[in-house]
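All remarks here apply to the structure that follows.
Note that the coordinates shown come from a computational prediction; the quantities given were computed from them, not determined experimentally. Here is the naming used below: chain letters follow the sequence lines, and residue numbers restart at 1 for every chain.
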2 protein chains.
Amino acid sequence: MKQTTIKTIASELHLSVSTISRALNDHPDIHEDTKKIVRQLADKLGYRPNIIARNLKSSKSNQIGVIVPEIRHDFFANALSGIEEVAYQKGYTVILAQSNEDQKREEINLNSMYQHRASGIIISASQTTVNYAHFEKLLERGVKMVFFDRVVNGLNVSSVRVDDRLSAYNAVKYLIRKGYTQIIHFAGPQSLEICRNRLAGYKEALLELGVDIAPIVIEGGMHEIDGYNHVSKLESFRKGQSLRMLASLVFQTILLQR
Amino acid sequence: MKQTTIKTIASELHLSVSTISRALNDHPDIHEDTKKIVRQLADKLGYRPNIIARNLKSSKSNQIGVIVPEIRHDFFANALSGIEEVAYQKGYTVILAQSNEDQKREEINLNSMYQHRASGIIISASQTTVNYAHFEKLLERGVKMVFFDRVVNGLNVSSVRVDDRLSAYNAVKYLIRKGYTQIIHFAGPQSLEICRNRLAGYKEALLELGVDIAPIVIEGGMHEIDGYNHVSKLESFRKGQSLRMLASLVFQTILLQR
DNA sequence: CTGAAAGCGCTAACAA
DNA sequence: TTGTTAGCGCTTTCAG
């Protein structure tokens, strides 16, 4: 079955395609009666504007591309959700890809979005990305790009990042204010900057506001299983602790991972 | 700055556009030398094929649309990740939208994807969706659609769903085999079919394989906070329990929510 | 092996 | 207020 196009409607109504186009776009030059007739027939024929054609004409896509390392990571899922929300409000559509922490795949996706004429690209770099040529190339060609969280240094590009030090600081401050006297930090690998910053914030807060609280740091990975193991370790030398507190810690590990 | 197109290359090389097109697409009819020259210049000029134009010509987008109620929901994030994975393997691109459990928004997104000529649409219906006219309309017009998880009954359409009863059954079976003698079920609201099915699976397994185990069911919501509260309740009458087990329960609540 | 030309569906000068 | 026409960038017959 042939798709109805603007042309179908035009010939059916003995009008020109431009009139139809204008009528459908509610152009002020078109007579109200004409508009009405056109709309009715369009409706009846199940006409749907071909956005691809429109995009070709205007040479823009109104699509914004998003590349994250892993969608299922709670942190990225949340970011993605926020991005979609704003994009939707502004009439943009989101095209999504994940790099799976693989530079090659990141490049392919980036390139695909470039060719798709994405209006802009929001990206959180893969962990294996060590070579930035693919970013630089697109940047040179004027592609709108913004990095978030996994930021790449040395590139002249805007980025959005989390203040890990301050967040950890605030979290600890909150606990101290609440009257807690034992505050344990489940630290991530100290080779990662974000983890170092969090630890720094933790220590800073204790030093500043909780001189009588001994810092306890358990270092390990940042996956759910690590949180689980951390709790087990705690369990072995802390039988008497409140379960409530432990559960809370588990949650925190999960929520903070990224 | 003007974009380089196939035409730019053609005139630069005193060749026809069709030759360029074919060379770039590695058409067998084209002489190897020609191909090489074309590719070189294309490279030098930073040529990028305009996928929009190609799509218009072929009248397909190679984009598959995905609509979920909430991206940040762990379950949907996981599903999304799987979808992206397969799409990527097959050379498709994912366009993403969330309905925020709002029928209106679901309709708008659905329609947008329709107009974008999405090759297919994968959707998990919003909770507020009570009217199915928007689905039916697209179905009639031959749009490829597949539902998952939040399936809509009475529509002649393929769907993918979870066997909650069997999953719960298997989970409990596993625990019994492991030798556990107290197996508690954190049940969701019994007004939801998925929750009823899970409870049924739990009971069935106990009845069948663990006659000596008393069923304990704690009914409540399915959000993180509910898991947290469940644990607190347990805590109050079960001080002696292993922390390990409780942490595990917490995780399960989180993972099962959807 | 290469070229000319039509056309995908739509928009927007420019005319009338 | 409406129509004619060209063109967005690409693919693809049909001819040479």
With a 4.5 Å cut-off on side-chain heavy atoms, are [Y] and [X] touching?
X        : Y       : answer
B:Ser124 : B:Ile67 : no
A:Asp26  : A:Arg39 : yes
B:Val94  : A:Ile95 : no

Just jot down the side chain to side chain contact (heavy atoms under 4.5 Å, CB included) partners of A:Lys7, sequence neighbours excluded, or say none. A:Thr5, A:Val17

With A:Asn131 via side chain to side chain contact (heavy atoms under 4.5 Å, CB included) - residues at least two apart: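 In terms of side chain to side chain contact (heavy atoms under 4.5 Å, CB included), with neighbours along the sequence ignored, A:Asn131 is linked to A:Gln103, A:Ala133.
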
Minimum heavy-atom distance B:Ala77-A:Ile71, with the two atoms named: O-CG2, 3.7 Å

Measure across A:Pro189 and A:Cys195 and return the closest heavy-atom pair with its distance rounded to 0.1 Å.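 Nearest pair, atom of A:Pro189 first, then A:Cys195: O-CB, 3.2 Å.
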
Taking atom [atom2] of [N] as reference, at what distance in whole Å does atom [atom1] of [X] sit?
X        : N      : atom1 : atom2 : result
B:Lys36  : C:dC1  : NZ    : P     : 15 Å
A:Gln115 : D:dG9  : CD    : P     : 15 Å
A:Lys60  : D:dG9  : NZ    : C1'   : 18 Å
B:His14  : C:dC1  : NE2   : P     : 22 Å
B:Ile37  : C:dT2  : CD1   : C1'   : 14 Å
A:Asn25  : C:dT11 : CG    : C1'   : 8 Å
A:Ile20  : D:dT4  : CD1   : P     : 12 Å
B:Leu13  : C:dC1  : CG    : C1'   : 15 Å

Pairing string, 5' to 3', for DNA chain D - Watson-Crick or wobble contacts under 3.5 Å, brackets [ ] where pairs cross, | to another strand: ||||||||||||||||

Please list each protein N or O that sits under 3.5 Å from an N or O in nucleotides 5-9 of chain C, with the distance.
unit_1: C:dG7; atom_1: N2; unit_2: B:Lys57; atom_2: NZ; d: 3.1
unit_1: C:dG7; atom_1: N3; unit_2: B:Lys57; atom_2: NZ; d: 3.4

Using a 4.0 Å heavy-atom cut-off across all strands, classify B:Leu15 as base, sugar-phosphate, or nothing. sugar-phosphate

Does NZ or CZ of A:Arg141 come closer than 6.0 Å to the centre of the six-membered ring of A:Tyr114, within 45° of the ring's axis? no

With a 3.5 Å cut-off and no angle check, do the side chains of [X] and [Y] form a donor-acceptor pair?
X        : Y        : result
A:Ser18  : A:Ser21  : no
B:Ser81  : A:Gln98  : yes
A:Thr129 : A:Glu106 : yes

Please state whether the phosphate of [N], meaning OP1 or OP2, lies under 4.0 angstrom from any side-chain nitrogen or oxygen of [X].
X       : N      : result
A:Asn55 : D:dC8  : no
A:Ser21 : C:dT11 : yes
A:Thr19 : D:dT2  : no

Among the nucleotides C:dT2, D:dT1, D:dT11, which one has an atom lying closest to any side-chain atom of B:Thr34?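 It is C:dT2.
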
Which residue pairs pass the side chain to side chain donor-acceptor pair (under 3.5 Å) test with at least one member in residues 48-61 of chain A, sequence neighbours excluded? none

Tabulate protein N/O versus nucleotide N/O from nucleotides 14-16 of chain C, keeping only pairs under 3.5 Å, one per line.
none

